[in-house]
Amino acid sequence: MWRRLVAVAAVGSLWSAAALAVEPKIEPKPAGLLALYADALDHNAAYRAQAAQLRMVAELEPQAAGRLLPQLGLRGSYDQVHEDINGSYYGVVQVDSSDDFPVGGAGAQLTQALYRPELWIERDQAKLRLQQAQLVLEAAQDQLLVSLVTTYFAVLAAEDNVALTGAEKDAVARQLEQARGRHAAGLATEADFQVASAQHSLTEAGLLEAKTKVEAAYAALDVVAGHPLRTLMRLPETVALAPPQPARVEDWVERARNHNLQVLEARLGSQVAQREVDRAHKLSWPKLDLVGRAFYLDSGGGLTGERVENEQRIGISLSLPLYAGGAIDATVRQAQAGEERSQALLSQAQAEAARDARVAFLSCQAGLSRLPALTSAVQAARAAESAIRSGFDAGTHTSAEVLRAVEARYEAERDLAAARYKFMLDSLRLKQVAGNLVVGDLSVIDRSLRPRTAAAR
């Protein structure tokens with residue numbers, strides 16, 4: 001019985017081992033841009049810091065509003081008093097008294113601002129600063145989206161370079177074998193063989209460098225995404241690329257001057273500075289408060305003897321600063337300088353937005369017009385390589401000419417792939433500068449991505 005159980009267990013173990021041996025390895029699911037963007041919003045450290053900054057600024061408005069509401073506080077005290085009095089008491093009676101006694105007191109005070117214009121201005125400023133922080137967070141979202149696509153495409157470009165360099169290395173290796181055979185047969189010179197050997201060494205070194213750049217690109221993407229990645233979707237060569245709409249550069253420039261997020265934030269900053277000037281002027285205005293007090297005192301002795309006092313009062317408190325050592329005037333001048341600075345920053349933001357929109361639009365136009373030329377260059381380089389190889393086989397071209405044709409062909413392939421990535425990034429940056437970048441723009445790119453096998457060259 002025990003032997004049968006052991007035999008069954010042994011067979012089961014062997015079956016499990018065999019099943020594990022033949023079970024196919026499950027590859028991780030390729031990461032698309034939309035999924036990575038959602039992860040980055042949760043894990044990217046810079047964005048999380050900006051989101052926390054928004055939550056901090058959001059508390060300014062409740063703080064400012066709280067100063068407009070009733071302020072209620074308690075206070076209490078207890079003292080052990082030694083009192084020694086010798087002299088005339090109000091000029092009526094001569095006093096000679098000495099006593100040790102406790103004194104305890106407790107009270108409450110309620111204050112309600114009736115006329116405090118600077119507090120209302122502070123509340124308005126808090127609301128404007130919250131809007132500023134929301135725009136900053138929105139700009140951080142846009143920047144995170146662009147950074148994600150930039151680093152994602154950098155990885156794809158680096159992997160393209162590895163594939164192209166590997167293919168170039170294989171082509172050079174084949175040419176080296178042909179050069180070696182011809183040299184051995186006396187049909188090629190030693191120089192041809194040395195050129196092919198040197199080119200093969202260079203492509204091997206280039207392939208090693210390309211693989212190193214892939215790891216560096218992945219490391220940069222890990223920082224943006226907030227977690228490590230190693231399997232990405234690919235961008236097929238047949239991806240549709242559309243020109244920017246509207247088609248006039250001035251439309252994009254005007255949109256950037258009015259809707260760029262940095263411009264909108266600077267405009268709000270200017271409004272905050274204007275209200276700061278108003279608040280500084282109102283520091284010299286009268287302040288009116290409603291004040292209510294309740295006070296309890298228990299004295300254990302002294303000149304007036306033991307006593308218990310209860311007092312309640314309510315009234316109006318008016319204060320008007322007449323001279324504060326020049327502090328108020330200095331505060332006004334400081335606020336005016338701040339307003340001037342905010343206006344200058346607004347002008348600078350508008351100028352930079354207009355410049356960036358113009359540059360991005362022109363870059364998109366140039367990139368889109370360059371793509372057909374690069375495609376033709378790739379086709380021409382492939383045809384030239386094929387022709388020169390045929391000439392090499394016929395003895396009319398040297399091995400060095402074949403190697404130069406191979407190098408030119410793969411260089412044209414790299415330029416075409418890089419131009420395609422650059423155009424898509426320029427399109428995103430143009431929308432970012434104009435202030436109308438949305439997640440839907442990322443979705444368009446994400447839908448064009450394909451698994452590695454489907455997008456293979």
Side-chain angles (χ1 to χ4, degrees), residues 24-41 43 144-168 170 207 210-211 213-222 224-245 364 367-368 370-379 381-382 409-432 437-457:
K25 183 179 179 181
I26 299 177
E27 294 292 335
K29 184 179 180 180
L33 282 170
L34 277 178
L36 283 183
Y37 183 58
D39 288 344
L41 290 174
H43 302 294
L144 180 60
L145 188 153
V146 172
S147 297
L148 178 65
V149 177
T150 301
T151 51
Y152 194 100
F153 281 176
V155 172
L156 298 187
E159 290 182 339
D160 287 347
N161 190 36
V162 169
L164 292 170
T165 305
E168 182 181 0
D170 294 340
L207 181 59
K211 290 179 179 179
K213 289 182 178 179
V214 168
E215 290 302 315
Y218 267 115
L221 178 61
D222 293 346
V224 177
H227 60 86
L229 296 163
R230 285 301 176 269
T231 306
L232 304 182
M233 303 282 280
R234 308 293 299 173
L235 187 69
E237 293 182 356
T238 56
V239 62
L241 302 176
Q245 293 295 332
C364 284
L368 192 61
R370 188 167 176 257
L371 283 170
L374 290 173
T375 302
S376 299
V378 169
Q379 295 170 351
R382 290 173 179 172
R409 177 258 180 101
Y410 285 103
E411 190 63 30
E413 298 264 15
R414 292 186 186 91
D415 290 344
L416 176 59
R420 193 164 55 246
Y421 294 133
K422 184 177 184 301
F423 172 78
M424 299 184 79
L425 286 173
D426 286 340
S427 299
L428 288 180
R429 293 192 181 103
L430 177 59
K431 292 184 177 181
Q432 179 188 19
L437 181 64
V438 295
V439 179
D441 298 313
L442 183 65
S443 180
V444 171
I445 300 176
D446 189 70
R447 286 196 300 270
S448 66
L449 298 176
R450 296 292 180 268
R452 186 180 300 270
T453 54
R457 296 179 182 275

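Keep in mind that the numbers below use all heavy atoms, side chains included, and drop hydrogens, waters and symmetry copies.
- One distance of note links CG of Leu428 with CZ of Phe153; it measures 7.5 Å at 0.5 Å rounding.
- The two residues Glu159 and Tyr218 make their nearest non-hydrogen contact at OE2-OH, 2.7 Å.
- Nearest heavy atoms, Leu145 versus Val438: CD1-O, 4.2 Å.
- Asp160 contributes atom CG, which lies 10.5 Å from atom CZ of Arg414 (distance to the nearest 0.5 angstrom).
- Rounding to the nearest 0.5 angstrom, the gap separating the CG atom in Asp415 from the CG atom in Leu371 is 11.5 Å.
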Would you check, one step at a time, whether the test salt bridge (charged side-chain N to carboxylate O under 4.0 Å, His left out) holds for Glu215 with Lys211?
-> CA-CA 7 Å; Glu215 290 302 315; Lys211 290 179 179 179; over 6 Å; no
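- For Lys213, the salt bridge (charged side-chain N to carboxylate O under 4.0 Å, His left out) partners two or more places apart in sequence, or in a different chain, are Glu209.
- Distance check, rounded to the nearest 0.5 Å: CD of Glu411 to CD of Glu168 gives 8.0 Å.
- Taking CG of Asp39 as the start and CG of Leu34 as the end, the distance is 11.0 Å to the nearest 0.5 Å.
- Residues Tyr410 and Thr165 fail the side-chain proximity criterion, which asks for heavy atoms closer than 4.5 Å.
- Interatomic distance, CD1 of Ile445 versus CG of Leu33, reported as 6.5 Å (0.5 Å rounding).
- For Pro243 against Leu368, the heavy-atom pair with the smallest separation is CB-CD2, 3.5 Å.
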